[in-house]
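See structure below.
Below, read A as the first sequence line, B as the second, and so on, with proteins coming before strands; counting in each chain starts at 1. Heavy atoms only: backbone and side chains are in, while hydrogens, waters and symmetry mates are out.
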2 protein chains.
Amino acid sequence: MKTKGGSTPNALLGLLTLRPMSGYDIRQLISQSIGHFWSESFGQIYPGLKQLAAEGLVEKKTERNKGKPDRHLYSITSDGRERLREWLKIPVAEEVARNELLLKLFFGEHVSISVNREHVTANMEFHQRSLKVYTATAKQLQIDHPNDPQLPYWLITLNHGKHYSGAMLKWCKETLAELDAIESKGKRRR
Amino acid sequence: MKTKGGSTPNALLGLLTLRPMSGYDIRQLISQSIGHFWSESFGQIYPGLKQLAAEGLVEKKTERNKGKPDRHLYSITSDGRERLREWLKIPVAEEVARNELLLKLFFGEHVSISVNREHVTANMEFHQRSLKVYTATAKQLQIDHPNDPQLPYWLITLNHGKHYSGAMLKWCKETLAELDAIESKGKRRR
DNA sequence: GGGTGCATGTAATGGGTTACATGATTCT
DNA sequence: AGAATCATGTAACCCATTACATGCACCC
């Protein structure tokens, strides 16, 4: 059996192994941890936590604060840990990730070269920025959690980002060169 | 304005610039062309074509066949071409692509090394296969459409695949080595 | 007889984002 | 005064896949 549904609740369980958190905390944490390859919106998180609590996979404790609204802190139960471990064992279904940039480039002949060039340039800049973030984050993680047994796994995901963005930068450069070549070929024929 | 919705109808328009096709044809063609970065199901294609026809962006002609069911052939109109061109100009929204493999590896410390190793190995094999397909397809395209002005754009998308899968292969190898390292470190401590 | 390919389409279901609704505090 | 942050949650909506429904022809 391959994973299909249920990634979201399992992502929540996974994050709650780090520490007990509220839905709001989870959202914050995602952007600082798995944000480069995962996203969850409040519309998923809050109902998701509710559901997990109903199944006994997480426990809810309400923290009352004066002035500020209540915080609903969720912590993972041992049942939750077991559920997470089971899910981690299931092979990953490799599905086609839709890539709109490639779709547009595939039909690129229908518009001017400069339009295509702009798409590629934007993508290149995105990956340049990403690369910097990956490198900086890896450094910071090693400082903040030097002996954490999870650190190697976190670095693995960051290394993925580095390879990915590095490859994309190369491809962008080649593509820009190719677009130039298409342009000059068009001029020569005219 | 960034693209959000409407990629599907525009993908259909794009494909119909190649030649008039039925919904069934489109499904077939996708797997041989944009299948590495795009997918459409019948549940999207048939209603999509209907909608495009209602907007006058495609024209429907019914081809009656004895024995076999009717074929509804759709061809793009000049309005459709204009719509496609407009869409191609809109910058691509760069959204986080969810990656379940990375999500599982991020929480990899909760399961045995071999579980993680298997995820990575499966991914490595996938990219090895993909690389072969990209190379073969590029060769075949150059034979089948040597002078097609769209060829450079098609090759650009294939080149993307090559860079991507190549980078992923490297990462997989590094990751497997890292998993070995984690394992031997664990043994040493015991 | 049964599977596969051709060919169309709808309905149910799932998964997800965005917008809405609320309201206090703190910073500028 | 107004924006941002904290904090929770629901509802509407969009997009997409899967399952269902139909039916002939061809091959094994």
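For B:Ile30 and D:dA16, the CD1 to C1' distance is 13 Å, given to the nearest whole Å. The interatomic distance linking A:Lys61 (NZ) with D:dA7 (P) rounds to 18 Å, in whole Å. Atom pair B:Arg27:CZ and C:dG9:C1' shows a separation of 14 Å (rounding to whole Å applied). Atom OH of B:Tyr46 and atom P of D:dA19 are 17 Å apart (whole Å). One can place CD of A:Glu40 at 15 Å from C1' of C:dT18, the figure rounded to the nearest angstrom. In this structure, B:Leu49 places its CG atom 14 Å from P of D:dA16, rounding to the nearest Å. Rounding to whole angstrom units, CE of residue B:Met21 and P of C:dT8 are separated by 12 Å. In this structure, the CZ atom of A:Arg71 is 17 Å from the P atom of D:dT5, given to the nearest Å.
Checking C:dG9, D:dA16, D:dG9 against every side-chain atom of B:His72, the shortest atom distance belongs to C:dG9. The side chain of A:Tyr24 approaches D:dT8 more closely than any other nucleotide in the set D:dG9, C:dC6, D:dT8. With C:dT10, D:dT17, C:dT17 as the candidates, the nucleotide lying closest to the side chain of A:Arg98 is D:dT17.
Taking the ring centre of B:Phe37 as origin, the terminal cationic atom of A:Arg98 falls outside the region bounded by 6.0 Å and 45° from the ring axis.
In this model, the phosphate group of D:dT8 is approached by a side-chain N or O of A:Ser22 to a distance below 4.0 Å at OP1 or OP2. Put simply, B:Ser39 has no side-chain N or O that comes within less than 4.0 Å of OP1 or OP2 on D:dA16. Side-chain nitrogen and oxygen atoms of B:Thr8 include at least one within less than 4.0 Å of the OP1 or OP2 phosphate oxygen of D:dA16. Between A:Lys50 and D:dT8, a side-chain N or O to OP1/OP2 separation shorter than 4.0 Å is absent.
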Which donor-acceptor pairs under 3.5 Å do side chains of residues 171-182 of chain B form with protein atoms, sequence neighbours excluded?
from, atom 1, to, atom 2, distance (Å)
B:Trp171, NE1, A:Ile156, O, 3.0
B:Trp171, NE1, B:Thr175, OG1, 3.2
B:Glu174, OE1, A:Asn159, ND2, 2.8
B:Glu174, OE1, A:His163, NE2, 3.1
B:Glu174, OE2, A:His163, NE2, 3.1
B:Thr175, OG1, B:Trp171, O, 2.7
B:Asp180, OD1, B:Arg117, NH1, 2.5

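Contacts of B:Glu63 with the nucleic acid, taken as non-hydrogen atoms under 4.0 Å apart, are absent.
Using modelled atom types and a 3.5 Å distance limit, the side chains of A:Glu59 and A:Thr77 yield no donor-acceptor pair.
Other residues sharing the hydrophobic cluster of A:Val96, ordered by chain and number and joined by side-chain separations under 4.5 Å: none, the residue standing alone.
Positionally, the nearest nucleotide of DNA chain C for B:Asp70 lies more toward the 5' end than for the other of B:Asp70 and A:Gln44.
No salt bridge links A:Arg83 with A:Glu86; every basic N to acidic carboxylate O contact stays at or beyond 4.0 Å.
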